[in-house]
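Each ligand, and each atom within it, is numbered from 1 in the order the structure gives. Because only heavy atoms are used, hydrogens play no part in the values below, and waters and symmetry mates are left out as well, while side chains stay in.
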Amino acid sequence: MRIFLSYVAISVLSNVLFAADRPNILYIMSDDHAAHAVSAYGSRLAQIAPTPNIDRLANEGALFTNAFCTNSICSPSRACVLTGQYDHVNGAFDLDGRVPPGRQMLAIQMKQAGYQTAMVGKWHLKDEPADFDYYCVLPGQGEYHNPEFRVRGEKPWGKNLIRFDGMHVTDAITDISIRWLKEQRNPAQPFFLMHHFKAPHDYFDNAIRYEDYLRNVDIPEPDTLWKRSPKFGSIATRGANDELIPHIGTSIGSRNPRRSYLRDLPRMYPAEFPPNYDPGNYSDEQNTRLAYNAYLRKFLRCVKGIDDNLGRLFAHLEQTGLMDNTVIIYTGDQGFMLGEHDYQDKRWMYEESQRMPFLVRYPKTIRAGQRFDAIIENVDYGPTMLDFAGAEIPSTVQGRSFKTLLESGTEPGDWKQEAYYRYWMHMAHHDNPGHMGIRTKTHKLIYFYGCNYDGGYQTPPGWELYDLIHDPHETQNIYDDPANAEIAGKLKQRLADLRNRVGDDGSHFPACEKIVQEFWDYDDTDRRRAVEISHEYLARRQEELKAGKNSPRTWRGATP
Ligand code: CA
C-alpha cells in the first residue's frame with residue numbers, strides 16, 4: 001500500500017513538474033459561426049464584416065480550408081470533439097445526445113496529464129461536465145440576455161445557478177473565463193480551457209451596443225439565393241418534377257410555406273424591416289432581400305460581439321504573459337448556410353454547413369501565416385490537443401492528431417484523404433432528409449437515403465455528386481452524367497469502405513439501414529420507387545400543413 005501511495009505521489013509530482021514545460025490549451029468554439037463569416041477565409045462578407053481578432057490566429061498561426069464536422073449540428077459535433085469519436089460510436093446521434101461523466105475523454109486525459117481543466121459557456125450535452133475541475137455552463141441553449149449558468153455546488157447538478165443580470169451572454173462568457181484565469185488558475189499547472197460561445201446561434205440576439213452595426217449596409221448575397229440552378233440537388237431535395245422544392249430545407253424567402261425567415265423575422269426583428277411592413281406590398285425578390293438582410297445583419301452583429309470579446313480575452317493573456325505559451329484554437333461547432341441555395345440553418349452536407357472554421361496559433365512551434373488544405377475532422381481536434389499536452393490518447397479515440405502537420409508544415413504521407421459525414425435527424429426542425437456522404441479534396445458524394453431511425457417518414461432517396469474543383473458552390477449535381485459513372489462508382493465504393501472503417505455498420509438502427517441498402521445501387525426500380533415516395537411525401541406534407549402540424553421529432557419514429 002505504501003509503495004503504491006508513493007508511486008502515486010511521485011507520478012503526480014512528476015506530472016506537475018513536467019507540466020511546467022507544456023503549453024496551456026485554449027479551445028474557443030462558437031456556435032454556428034460558419035467559416036465564410038470569418039474574414040480570414042476571404043468570403044463575400046470579409047470586407048463588410050471583418051473579424052480581426054479571430055483572423056490574428058491565422059495571421060500569426062495556421063488556417064485550415066478543409067476542416068469538417070462529421071454531423072452538422074450542435075450536440076453531436078460537441079460530442080465528437082469531447083470524445084474523439086464519430087457519433088455512431090459516442091452515441092450522440094442527434095440533439096438528444098449526451099456525454100455522461102466518466103466519458104468526457106478530453107477532460108479526463110488532460111487532468112491525468114497534470115492539466116487544470118475548465119469548461120465555460122455553451123455545453124449542450126445534458127449531463128454534468130463533472131470530469132472538468134471547473135465548469136460554468138449554460139443550461140441547454142441558454143439565454144442571450146441576463147443569462148444564467150450552472151456551476152458546481154451544494155445542490156444537485158443543474159440547480160446551482162449564477163445569473164448575469166443586464167449582461168449579454170458573449171460578454172458574460174468572456175468575463176467568466178477571464179475571472180477563472182485570474183482567480184482560480186493554478187500557476188503550477190498548465191491549463192486546458194474550453195471557452196464556448198452561444199452566439200451566433202439562432203435566433204440571433206446581439207448586445208444592444210451593436211444595434212447600429214451594418215444598419216445601412218446591403219449585405220452581399222450569394223448567387224444561389226436567387227438562381228436555383230436546375231442541376232442543383234436531386235429528387236431527394238427537389239422531389240419528382242421539383243414538387244418538393246417548397247418542402248425540403250427551410251428558406252430565406254417564401255419558398256418553404258412552413259418555415260422561412262420571411263415568415264419569422266419581421267415579427268422578431270421589426271427594426272430590420274420598413275415601418276408598417278406588409279410583405280403583400282412587396283415583390284418576392286424584395287421580400288427575400290429584406291429577410292436576407294435582417295438575417296445576416298443580426299448574425300453578423302453576434303459575430304462582431306464574439307470578435308470584440310476575443311480581443312479582450314487575448315489582451316488579458318498578453319498582460320499576464322500567457323499568450324505565447326498557449327495553443328489557441330478557434331472553431332465553430334459546424335458551419336451554417338448564410339442564404340446559399342435559399343437555405344437557412346446547418347445540418348446539410350453542403351459546403352457552407354459541413355465546413356468548420358479552424359484557426360490555431362502557437363508561435364513556439366507553429367509557423368505564422370500557414371494555410372492547409374489537408375482534410376481534418378472534428379474527431380481529430382481532441383487527439384491533437386492531447387498531443388500538444390503530451391497526454392495519452394486512449395485507444396478508443398477514432399480521430400488522429402495533426403500536430404506533426406502543424407509543426408512541419410507538411411501533410412503526412414499517410415494522412416486521410418476523405419471526410420465522413422452523416423446527419424441523422426431526418427426532417428426535424430429544418431426539413432432536411434437523413435443523409436450520409438464522403439468528401440475528398442476534389443469531390444463530394446452525398447446519399448440522401450431519406451428515412452428516420454425506424455425506416456419511416458420516407459422522403460425520396462437520391463444521390464448527388466459535385467466536382468468541387470470546377471463547381472465550388474455546388475450548383476451542378478453530376479451523379480447522373482454518364483461521363484462521371486466511373487468516379488461516382490469509385491466514390492460509392494470508398495463511401496462503403498469508409499463506413500466500415502469508422503464503424504457506421506448499420507447495426508445502430510437496422511430498419512434505417514435496410515432503406516440505406518435498398519437504394520444503394522439506385523437502379524431503375526429504385527428510381528421509380530423514389531418518384532412514388534416523392535408523391536406520397538407531398539400528400540403527407542400537404543395534410544400536415546393543413547392541420548398546422550410541425551413534426552420536429554420525425555427523426556425518431558417509434559424508437560423510444
Ligand atoms: Ca451549432
Side-chain angles (χ1 to χ4, degrees), residues 27-38 41 51 54 67-83 86-87 90 92-99 119-126 129 137-144 147 169-170 173 194-206 249-250 259 261 295-296 298-303 305-307 329-340 343-359 377-379 381-382 419 421-425 428-432 435 552 555:
Y27 177 83
I28 306 163
M29 185 160 76
S30 52
D31 196 334
D32 297 356
H33 189 190
H36 58 308
V38 174
Y41 280 85
T51 49
I54 300 172
F68 299 114
C69 61
T70 55
N71 183 358
S72 182
I73 189 155
C74 305
S75 312
S77 178
R78 285 151 203 277
C80 291
V81 174
L82 198 63
T83 62
Y86 296 88
D87 290 323
N90 65 38
F93 297 91
D94 51 47
L95 287 178
D96 292 336
R98 53 178 70 221
V99 181
M119 166 68 227
V120 171
K122 184 170 173 185
W123 167 246
H124 211 205
L125 287 167
K126 294 195 166 55
V137 297
L138 294 165
Q141 297 282 2
E143 299 292 335
Y144 266 113
V169 69
T170 305
I173 288 169
M194 298 189 93
H195 175 88
H196 291 186
F197 290 113
K198 165 188 169 62
H201 192 281
D202 77 357
Y203 282 95
F204 329 97
D205 211 347
N206 47 274
T250 48
R259 187 168 178 182
Y261 280 146
Y295 168 29
L296 266 286
K298 293 302 284 184
F299 180 90
L300 293 171
R301 283 171 197 159
C302 287
V303 168
I306 289 174
D307 195 70
I329 290 169
Y330 182 84
T331 185
D333 60 346
Q334 359 76 201
F336 216 59
M337 307 303 292
L338 297 176
E340 294 81 12
Y343 288 142
Q344 47 166 296
D345 209 65
K346 54 263 185 179
R347 302 165 192 252
W348 295 111
M349 196 190 166
Y350 299 125
E351 287 291 89
E352 295 82 2
S353 159
Q354 186 191 12
R355 175 174 294 116
M356 305 167 87
F358 194 93
L359 305 85
E377 298 173 289
N378 55 359
V379 292
Y381 301 174
Y421 188 83
R422 182 150 188 191
Y423 173 74
W424 299 80
M425 294 181 71
H429 309 112
H430 286 275
D431 304 343
N432 318 69
H435 59 291
W555 82 88

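Phe299 and Phe336 have parallel rings, their planes meeting at less than 30° on a 0 to 90° scale where 60° marks the start of perpendicular.
Of the possible polar contacts, none joining the Asp32 side chain to the Asp345 backbone as a donor-acceptor pair under 3.5 Å is found. Although no hydrogens or angles enter the test, the distance criterion places a donor-acceptor pair under 3.5 Å between the side chain of Tyr421 and the main chain of Ser72. Judged by distance alone, the side chain of Arg259 and the main-chain N or O of His430 form no donor-acceptor pair under 3.5 Å.
At a cut-off of 3.0 Å, measuring from the Ca ion (ligand 1), the protein N, O or S atoms that fall short of it are Asp31 OD1, Asp32 OD1, Cys74 SG, Asp333 OD1, Asp333 OD2, Gln334 OE1, waters left aside.
Residues Asn71 and Arg422 form no side-chain contact, since every pair of their non-hydrogen atoms from C-beta on lies 4.5 Å or further apart.
Checked options His124, Lys198, Lys122; the residue passing with Asp31 is Lys122 (criterion: side chain to side chain donor-acceptor pair (under 3.5 Å)).
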